[in-house]
Amino acid sequence: MEELSELLLQRRRKVDALWEAGINPYPNDFRPLHTSADILNAYGDKQQIDASDEIFVVAGRILARRSFGKAAFIQLQDRKGRVQLYVKKDEIGDEAFAAFESFDIGDIVGAEGYPFRTKTGELSLHARSIRLLVKSLLPLPEKFHGLTDVETRYRQRYVDLIVNPDAREIFIKRSRIVNLIRAFMVNRDFLEVETPMMHQIPGGATARPFVTHHNALDMELYLRIAPELYLKRLVVGGLERVFEINRNFRNEGISVRHNPEFTMMEFYQAYATYEDLMDLTEELFCHIAQELLGALDFTNQGLEISFQRPWKRLTVREAILEYGDVEAKHLDDRDLALAYARSIGLDLPDDIGYGKLVMEIFEEVAEHKLIQPTFITAYPTEVSPLSRKNDQNPDIVDRFELIIAGREIANAFSELNDPIDQKERFLAQVAEKDKGDEEAHYMDEDYVRALEYGLPPTAGEGIGIDRLVMLLTDSPSIRDVILFPQLRKETK
RNA sequence: GGGCAUGUAGCUUAGAUGGUAGAGCAGCCGACUCUUAAUCGGCAGGUCGUUGGUUCGAUCCCAACCAUGCCCA
């Protein structure tokens, strides 16, 4: 038997007492017919209420209690919000009131009552009856400060959701954002699909995978780092417009911007280019902001962000020249660029490729300064093994990343659909892997075979849902927008 | 992986140049039939993250470890 504090023993004794009195502390025959929001919607704007015969049937958790001997106020919380109940001994009877007096904060109850306004004007429900639906054995955090310890908020998100309305609001908004995205895509005739989460060859991104093992097949499998290669196979198959909203897994560090599993919306549109996707992205983001916030301008961590179109477009090179302290002729010369990179504190190997070098410089000097939505284009071919080369300049690809508030939110490109070129790019990646780059791509022969059948000219994009939610809910950490973020093992 | 910081009751916290801790809320008992962090009286609740070390004595000093946060890689 575990040791329990006096507080917990008292609750257990109450449960025992209920059983002994023939009362089930966990009944399941109560059906609420209304929510707190129904009451508010019906009477929120009425000062005079004469509806003592209109009965609302609600259920929820007791969050607060103020007792006066033969009457009491309790605050009830359901999925829509909170409503105050006034419980009077005269009204519900001696026996029911005696039972009511044993209810604790945290218990779940069902009640019937009629709406009225208290002397201080709060819309409340005058209870005709109230009964226990669930006896809670653990005390809730303090009413005034709530739960502030971040570790407990993440580990016991259920408590966080009970007592912190802000946390609840973020996850309601997250759900709305996903629904808005889904409706937007379906509206444009995209087909929602599900592709494997377990890959024999992890592909579609530059990242280290999680490894697992299938016993019956005695085979290594990898949790996917991206769905890209499967979604493009579907475009080969003629589905032409597909999207998937689902988790990716990357075996990398954890930070305010990174969780090992995170949610992406990836989509592919045949007969489109990356430039078409810039337009689509602007429209999608403006639609979400307008529906969710009612505005295209908002604040994120003290920064004024505006989704007003058109959004700025810069090449990687232009962004470096604008935000870094380097001249074009130096940036364009590999050795001089490397010297510049080192002068600003980057620790880079002598044999680093020019494309990687440029991206290191970009991330150091420009990315975090791009606050307003900005499409960064003209990425080096070297760091974009799945993107279509630019027709005028084969050293760059037809790709953009969308940066907002200094963070990468989306990544898109016109897809490389030349199977010969794709095979060569895979081989270059395999060479990098052999040199020790754990993030380099694997060869995927089946994907090349799919391209040999013919991938229509296609553009594809991935949008980081967690980061988008952070942006629109003004959350400083990715853990604030993921219900159960990854933590180390809990120690007792 | 490195640096800095934090860890005291269910929650939010105070505290001491080292002499084994104080409060508010929650809880229990009592009073109270319109409260909004209700109010009033009383009571109870702590191996001060874990393990070692120094010391007559450690929650406090030191070390390691665990967990969390922030920054860096």
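What's counted below: heavy atoms across the whole structure, side chains too, no hydrogens, waters or symmetry copies.
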For [N] versus [M], give the span between their [atom1] atoms, rounded off to a whole number of Å.
| N | M | atom1 | answer |
| --- | --- | --- | --- |
| rC70(B) | rA37(B) | C1' | 31 Å |
| rC62(B) | rG18(B) | C1' | 13 Å |
| rA14(B) | rU68(B) | P | 22 Å |
| rC25(B) | rA64(B) | P | 41 Å |
| rG1(B) | rU54(B) | P | 31 Å |
| rG10(B) | rG27(B) | C1' | 9 Å |
| rG22(B) | rC48(B) | C1' | 13 Å |
| rG30(B) | rA23(B) | P | 23 Å |

Rounded to the Å, how far apart are [X] [atom1] and [N] [atom2]?
| X | N | atom1 | atom2 | value |
| --- | --- | --- | --- | --- |
| Leu138(A) | rC25(B) | CG | P | 22 Å |
| Phe144(A) | rA38(B) | CZ | C1' | 14 Å |
| Phe116(A) | rU35(B) | CZ | C1' | 10 Å |
| Arg65(A) | rU33(B) | CZ | P | 14 Å |
| Ile49(A) | rC34(B) | CD1 | C1' | 14 Å |
| Tyr86(A) | rU36(B) | OH | C1' | 14 Å |
| Lys88(A) | rU35(B) | NZ | P | 14 Å |
| Leu125(A) | rU35(B) | CG | C1' | 16 Å |

- Query: Got a donor-acceptor pair under 3.5 Å from the side chain of Ser67(A) to the base of rU35(B)?
  - Reply: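 Counting by modelled atom types and ignoring angles, no donor-acceptor contact under 3.5 Å is found here.
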
- Message: Heavy atoms from C-beta onward define the side chain here; which of rC34(B), rC70(B), rU68(B) lies closest to that of Val150(A)?
- Response: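 Among the listed nucleotides, the one closest to the side chain of Val150(A) is rU68(B).
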
- Given rA38(B), rA67(B), rU36(B), which nucleotide is nearest the side-chain atoms of Lys143(A)?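 Nucleotide nearest to Lys143(A)'s side chain: rA38(B).
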
- Message: Please determine whether a side-chain nitrogen or oxygen atom of Arg66(A) lies at a distance below 4.0 Å from atom OP1 or OP2 of rU39(B).
- Response: no

- Under 4.0 Å: is that the gap between some side-chain N or O of Lys14(A) and OP1 or OP2 of rG27(B)? no

- Quick one: sort the Phe210(A) and Phe249(A) rings into parallel, tilted or perpendicular, breaks at 30° and 60°. perpendicular

- Between Trp311(A) and Phe307(A), how do the two ring planes meet: parallel, tilted or perpendicular, split at 30° and 60°? tilted

- Query: Under the side-chain hydrogen bond (donor to acceptor under 3.5 Å, both in side chains) test, which residues partner Asn251(A), sequence neighbours left out?
  - Reply: none

Touch class at under 4.0 angstrom, heavy-atom based, for [X] against every strand present:
| X | answer |
| --- | --- |
| Phe97(A) | nothing |
| Glu122(A) | base |
| Val256(A) | sugar-phosphate |

- Item | Salt-bridge contact Glu112(A)-Arg128(A) (side-chain N to carboxylate O under 4.0 Å) |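 No, this pair does not count.
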
- Item | Arg208(A)/Glu439(A) salt bridge by N-O under 4.0 Å criterion |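 Here Glu439(A) does not pair with Arg208(A) in a salt bridge, since their nearest N and O are not under 4.0 Å apart.
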
- If you count the non-hydrogen atoms of other residues, nucleotides and ligands that lie under 6.0 Å from NZ in Lys80(A), is the total more than 12? no

- Task: Consider only side-chain N and O atoms of Arg317(A) and Thr377(A), and report whether a donor and an acceptor are under 3.5 Å apart.
- Result: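 No pair is found: no donor N or O on one side chain lies under 3.5 Å from an acceptor on the other.
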
- Starting at the 5' end of RNA chain B and moving along, which residue's nearest nucleotide shows up first, Gln486(A) or Arg117(A)? Arg117(A)

- Message: Is it the case that the ring center of Tyr86(A) lies less than 6.0 angstrom away from the ring center of His126(A)?
- Response: yes

- Message: Going by centres under 5.5 angstrom and planes under 30 degrees, do the aromatic ring of Phe73(A) and the base ring of rU35(B) stack?
- Response: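 Answer is yes, a stack.
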
In the structure shown, which nucleotide is the Watson-Crick or G-U wobble counterpart of [N], with both distances under 3.5 Å?
| N | answer |
| --- | --- |
| rG1(B) | rC72(B) |
| rC32(B) | none |
| rU6(B) | rA67(B) |
| rG52(B) | rC62(B) |
| rU20(B) | none |
| rG45(B) | none |

- Item | B/S/- contact track for nucleotides 6-14 of chain B, protein heavy atom under 4.0 Å | ----BBS--

- Decide salt bridge (charged side-chain N to carboxylate O under 4.0 Å, His left out) for Arg117(A) and Glu122(A); before the verdict, give the C-alpha distance in whole Å, the side-chain angles of both, and the deciding distance to 0.1 Å. CA-CA 5 Å; Arg117(A) 280 198 186 273; Glu122(A) 178 164 346; over 6 Å; no

- Check against side-chain hydrogen bond (donor to acceptor under 3.5 Å, both in side chains), Tyr154(A) and Asp480(A): CA-CA 8 Å; Tyr154(A) 298 148; Asp480(A) 296 324; 3.1 Å; yes

- Query: Which one of Val178(A), Thr263(A), Leu292(A), Val481(A) satisfies the side-chain contact (heavy atoms from CB on, under 4.5 Å) criterion with Val469(A)?
  - Reply: Val481(A)

- Item | Closest contact, heavy atoms only, Pro115(A) versus Tyr43(A) | CG-CE1, 3.5 Å

- Task: Pull out every residue in residues 99-111 of chain A that has a heavy atom closer than 4.0 Å to any atom of RNA chain B, ordered by number, or say none.
- Result: Asp104(A), Ile105(A)

